[in-house]
Participant: 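Can you read through this structure? Questions will come right after.
A, B, ... follow the sequence lines: proteins, then strands. Residue 1 opens every chain.
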There are 4 protein chains.
Amino acid sequence: MVRIKTEVREQVMGQTRQALLNAAAEEFSSQGYDQANINAISIKAGFAKGTVYNYFPSKQALLKALIDSIAQEHLEYLRSAILSEDDPALRLERFFQDGFEYVARHTQRARVMFNTVNSSNQAQKGYCFRAYQPMFQLVAGQILLPGMQQGLFRLTEPEQTAILIMTIYLGTASQVDEQGRPWLNPENVADFVLHALRTVKETRSLGERR
Amino acid sequence: MVRIKTEVREQVMGQTRQALLNAAAEEFSSQGYDQANINAISIKAGFAKGTVYNYFPSKQALLKALIDSIAQEHLEYLRSAILSEDDPALRLERFFQDGFEYVARHTQRARVMFNTVNSSNQAQKGYCFRAYQPMFQLVAGQILLPGMQQGLFRLTEPEQTAILIMTIYLGTASQVDEQGRPWLNPENVADFVLHALRTVKETRSLGERR
Amino acid sequence: MVRIKTEVREQVMGQTRQALLNAAAEEFSSQGYDQANINAISIKAGFAKGTVYNYFPSKQALLKALIDSIAQEHLEYLRSAILSEDDPALRLERFFQDGFEYVARHTQRARVMFNTVNSSNQAQKGYCFRAYQPMFQLVAGQILLPGMQQGLFRLTEPEQTAILIMTIYLGTASQVDEQGRPWLNPENVADFVLHALRTVKETRSLGERR
Amino acid sequence: MVRIKTEVREQVMGQTRQALLNAAAEEFSSQGYDQANINAISIKAGFAKGTVYNYFPSKQALLKALIDSIAQEHLEYLRSAILSEDDPALRLERFFQDGFEYVARHTQRARVMFNTVNSSNQAQKGYCFRAYQPMFQLVAGQILLPGMQQGLFRLTEPEQTAILIMTIYLGTASQVDEQGRPWLNPENVADFVLHALRTVKETRSLGERR
DNA sequence: TATGAATGAGAGTTCATTCAT
DNA sequence: AATGAATGAACTCTCATTCAT
């Protein structure tokens, strides 16, 4: 009995929490953190103002929880996409392809992330970067390193190049027009990056082999 | 007499206006637009709160005026740097080299620009983009087009590629550590972009084959 | 059966009620009424927030019940102490001696009472005074009146003097330093009051001995 | 010109500040600190809510400023009253007489002081005690010490006795009925304290003379 | 009987903006 | 032109109280 009750309650609480996080994503993405209104979030979630504070101790904490949630989802989305390919070049294409797709499918959450990563609030920016650390490692460890080891990519500092690629991803994926359509398409971006990474030798040899 | 007086007045007003813009750059860069405090700006400039409103009708207008000022200075800085070279590849290197240098020398103003370009406030973001339009054209018209015409760069959509390069510039130049030092250095970034743009033929050192 | 069940229930309810009153004493004494937190009280008592409202209809009512409990205990404590002596002077000494002792032993409850008696909330203050009415009567009827009748004390308005003595008791007993130790000791206070009350005759009797 | 302007402004600011302090005294005295409403204070003073914060950084700071103001006025009132007499006994009478008078004339301010001295907020209580330190010294140094030196008062610890007398003053002067009239009158209280302090010899000698 | 999620009035505080001097 | 006192909307956060389970 008690067990069931507890389970039901936890499920309800989970739903409420999720509803609040979704509403927060909507508000933060459209208004930015400073202009976001806690009252508006609670209303969007279908609850009263005070309910937000039953789940998150402060506006800050709400943002952090949201960032955690986004980073985890975003990472999982890209990890499975990348690891579905074996070839590093294809993995890179997948990274941009599915990366843009993630942004298109989770526009609000992605915008929150972009805003936070570029925030002038150093604490927030730092928190977001830390949450995204695994993705940097994913790019460096699962795309660049194998690519270099297989002679497909030029030899560069994997960490530095990972930062560069992440910067390009975050930069290009976040620039959208008024209707929310990205200015650049993922194929072009991936192509650009592939050209930048490929080894001259490999390119040439491919041609010469034939 | 009246003429002279007027000139003196205009000069004084110009100084005051500039002092306010500088103070605004300091405040906006460290606090972000929303957290920036008009009173703090006036104090930093050595004036009283009300004086700000003698020069700018609102906080918004102050930001826009500052963005205009920054964009103009930034553009002039890069235009003269680029045009000092003839070779498109060298111009691209200059673009990143002097672009990073501008950020290093005018950290606060650059930060204001980065913050505004990435703002979640669409009006501000749009205004900033419009102010930077000439720089997109500079990259497309003075670097990419000549490069392609001379066969140095692969054939791509100049506008799209200019957006990409600007994105990379804005992204890489704005990422700095706690001490304000950029995570990436301009040489590496320029190198990366050059690799992405060069024609395979040229890279392969056509000469070597023979 | 029903009878027994009812008894058990009443006992359990009595324990819960007492636990809540104790927790309330702890919270009210340290935070004051306005700053006291119902949730904190329930947690200190080992129950949930809602339980408080199963026993007391409101925060106000909880305070009043606590004041009643304290006043009753406090009165009983002092009544038995006083009545254990026959001599009015000794009773007065006992009053301060055991009064201070009560405060030392029931610090939290005593503090609640002091706070409430001195509250700026007239309703609370009045309620507390009414609850303490019997103690005023105890002082007037069991100490001052007998003392005057026996010629030990000067003739004064017993009610007025009782107020004065109660004021001195409440004032001196409530002033404690950071460690909770009273600034004044009961002997000195009792001595002071005895000097104030004694008849000149009695004093003079020293001289008559000669 | 500038001088005059500045003087006028300072005078106006002083008036505003005083109006706010008076309104604060009204509100704090009737509602207590926690229940006092900053908005109500500003309205009572004839200003908008925000104006309070142009003069006092917080509600706490407003209370402290008020306490300082009260303590200074109260001390000055009693110091001049006491020092107008030479005889320690008359000074003591004056102390209670004029002390009660001060309370009657500045009811609100006095109530704020009583509330704060008895506050359950230790920081506030401590601040108030510190502000009243000079009055303890006044009683000890200008009444008790001379009285003992002249053989009028029994030999006791002046500091301890000063605390006792201050406690009696604060306790008796603060107890008023619904109409604001004190329960005790200053003559009786002074008489009580004088009886407690007087030397036996003096008392006896009066009787023996006859 | 006990629970604790939900509520929403309320309060302190901030600050862009106005305007009389 | 410069000032800064005054304004009041807006916002975050608190918490006593309710009530379905």
Side-chain angles (χ1 to χ4, degrees), chain A residues 1-2 4-6 8-10 12-13 15-17 34-42 45-62, chain B residues 9 12-13 16-17 34-43 46-60 62, chain C residues 9 12-13 16 34-43 46-60 62, chain D residues 1-2 4-6 8-10 12-13 15-17 34-42 45-60 62:
Chain A
M1 273 284 276
V2 172
I4 290 172
K5 264 190 182 173
T6 303
V8 167
R9 178 181 295 163
E10 280 177 3
V12 168
M13 281 193 69
Q15 287 173 356
T16 302
R17 200 186 129 96
D34 285 311
Q35 292 291 332
N37 185 306
I38 290 281
N39 195 31
I41 291 175
S42 65
F47 294 96
K49 204 178 354 179
T51 300
V52 173
Y53 291 89
N54 289 340
Y55 291 84
F56 308 97
S58 69
K59 193 183 179 183
Q60 270 293 336
L62 174 55
Chain B
R9 184 201 295 173
V12 168
M13 284 191 66
T16 302
R17 198 186 131 95
D34 286 311
Q35 293 291 330
N37 186 307
I38 291 282
N39 194 33
I41 291 174
S42 66
I43 289 172
F47 294 95
K49 223 180 323 188
T51 301
V52 174
Y53 289 87
N54 291 336
Y55 289 85
F56 307 97
S58 70
K59 194 183 180 184
Q60 269 294 335
L62 174 56
Chain C
R9 185 199 294 174
V12 169
M13 284 190 63
T16 302
D34 286 311
Q35 293 291 332
N37 186 308
I38 291 282
N39 194 33
I41 291 174
S42 66
I43 288 172
F47 294 94
K49 223 180 323 187
T51 300
V52 174
Y53 289 87
N54 291 335
Y55 289 84
F56 307 96
S58 71
K59 193 181 178 184
Q60 271 294 337
L62 174 56
Chain D
M1 272 282 278
V2 172
I4 289 171
K5 264 190 181 171
T6 302
V8 167
R9 176 179 297 163
E10 279 176 4
V12 168
M13 282 193 68
Q15 286 174 356
T16 302
R17 198 186 130 96
D34 285 311
Q35 292 292 331
N37 185 306
I38 290 282
N39 196 30
I41 291 174
S42 65
F47 294 96
K49 203 177 354 177
T51 300
V52 174
Y53 290 88
N54 289 340
Y55 291 84
F56 308 96
S58 68
K59 193 182 180 184
Q60 270 292 336
L62 174 55

Participant: Reading DNA chain E 5' to 3', what string of ( ), [ ], | and . shows its pairs, if Watson-Crick and G-U wobble pairs count only when both distances fall under 3.5 Å?
Facilitator: .||||||||||||||||||||
Participant: Check whether any side-chain nitrogen or oxygen of A/T51 sits under 4.0 Å from OP1 or OP2 of E/dT7, and answer yes or no.
Facilitator: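 For E/dT7, OP1 or OP2 has a side-chain N or O of A/T51 closer than 4.0 Å.
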Participant: Check whether any side-chain N or O of A/T16 sits under 4.0 Å from OP1 or OP2 of E/dA6, and answer yes or no.
Facilitator: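 So the side-chain polar atoms of A/T16 do come within 4.0 Å of the phosphate oxygens OP1 or OP2 of E/dA6, strictly under.
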Participant: Should D/S42 and D/V52 be marked as a side-chain contact (heavy atoms from CB on, under 4.5 Å) after you check the CA-CA gap, both sets of side-chain angles, and the distance that decides it?
Facilitator: CA-CA 6 Å; D/S42 65; D/V52 174; 3.7 Å; yes
Participant: Ignoring hydrogens and geometry beyond distance, is the side chain of C/K59 in donor-acceptor contact with the base of F/dT17 at under 3.5 Å?
Facilitator: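 No such pair is found, so the answer is no.
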Participant: Take the protein atom CD of A/Q15 and the nucleotide atom C1' of E/dA5, then report the distance between them rounded to whole Å.
Facilitator: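 About 13 Å, once rounded to whole Å.
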Participant: Quick check: on DNA chain E, is the nucleotide nearest A/A48 upstream (toward 5') of the one nearest C/G50, or the reverse? Name the residue that is more 5'.
Facilitator: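 Nearer the 5' end of the strand: C/G50.
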Participant: Indicate whether OP1 or OP2 belonging to E/dT14 is found under 4.0 Å from a side-chain N or O atom of D/Y53.
Facilitator: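 Checking D/Y53 against E/dT14: no side-chain N or O falls below 4.0 Å of OP1 or OP2.
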Participant: Can you tell me which nucleotide in F/dT12, F/dT7, E/dG12 comes closest to the side chain of A/I38?
Facilitator: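 My answer, after comparing the listed nucleotides, is F/dT12.
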Participant: May I have the distance from B/D34 (atom CG) to E/dC15 (atom P), rounded to whole angstrom?
Facilitator: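 To the nearest whole Å, that distance equals 11 Å.
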Participant: Quick one: closest heavy-atom pair of D/T51 and D/Y55, and the distance?
Facilitator: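 Of all heavy-atom pairs spanning D/T51 and D/Y55, the closest is O-CD1, 3.2 Å.
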Participant: May I ask you to verify whether the side chain of C/N54 and the base of E/dA2 hold a donor-acceptor pair under 3.5 Å?
Facilitator: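 Check passes, donor-acceptor contact within cut-off.
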Participant: Distance check needed: F/dA16 P versus C/Q60 CD, whole Å only.
Facilitator: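 Rounding to the nearest Å, CD of C/Q60 and P of F/dA16 are 12 Å apart.
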Participant: Would one find a side-chain N or O of C/N37 under 4.0 angstrom from OP1 or OP2 of F/dA16?
Facilitator: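 It does, given that an N or O in the side chain of C/N37 lies less than 4.0 Å from OP1 or OP2 of F/dA16.
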Participant: Could you check how far CD of D/Q35 sits from C1' of E/dA11, rounded to whole Å?
Facilitator: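 Those two atoms, CD and C1', are 11 Å apart.
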Participant: Could you work out which one of F/dA9, E/dA6, F/dA5 sits closest to the side chain of B/K49?
Facilitator: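 Nearest nucleotide to the side chain: F/dA5.
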Participant: Restricting to non-hydrogen atoms, name the atom on D/I38 and the atom on D/K49 that form the minimum distance, rounded to 0.1 Å.
Facilitator: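 Scanning both residues, the minimum pair turns out to be CG2-CG, 4.4 Å.
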Participant: Roughly how many Å is it from CZ in A/R17 to P in E/dA5, rounded to a whole number?
Facilitator: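 About 13 Å, once rounded to whole Å.
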Participant: Round to the nearest Å and state the distance from A/L62 atom CG to F/dC11 atom C1'.
Facilitator: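 Result: 15 Å.
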Participant: Taking all non-hydrogen atoms of both residues, which atom of A/D34 and which atom of B/Q35 are closest, and how far apart?
Facilitator: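 A/D34 and B/Q35 have their closest heavy atoms at OD1-NE2, 2.8 Å.
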Participant: When we call it a touch if two heavy atoms are under 4.0 Å apart, what does A/A36 touch: a base, just sugar-phosphate, or nothing?
Facilitator: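 Sugar-phosphate contact only.
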Participant: Just the rounded figure in Å: distance from P of E/dT13 to CZ of D/F47.
Facilitator: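 It works out to 19 Å between those atoms.
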Participant: Without decimals, in angstroms, what is the distance between A/N39 CG and F/dA9 C1'?
Facilitator: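 My rounded result for the distance is 14 Å.
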Participant: For D/I41 and D/L62, run side-chain contact (heavy atoms from CB on, under 4.5 Å): C-alpha distance rounded to whole Å, both residues' side-chain angles, the deciding distance at 0.1 Å, then the answer.
Facilitator: CA-CA 11 Å; D/I41 291 174; D/L62 174 55; 4.0 Å; yes
Participant: Taking OP1 and OP2 of E/dT1, is either one under 4.0 Å from a side-chain nitrogen or oxygen of C/Y55?
Facilitator: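 No.
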Participant: Taking side chain to side chain donor-acceptor pair (under 3.5 Å) as the definition, give me every residue that meets it alongside A/N39, ordered by chain and number, with sequence neighbours left out.
Facilitator: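 Listed in chain order: nothing, the list is empty.
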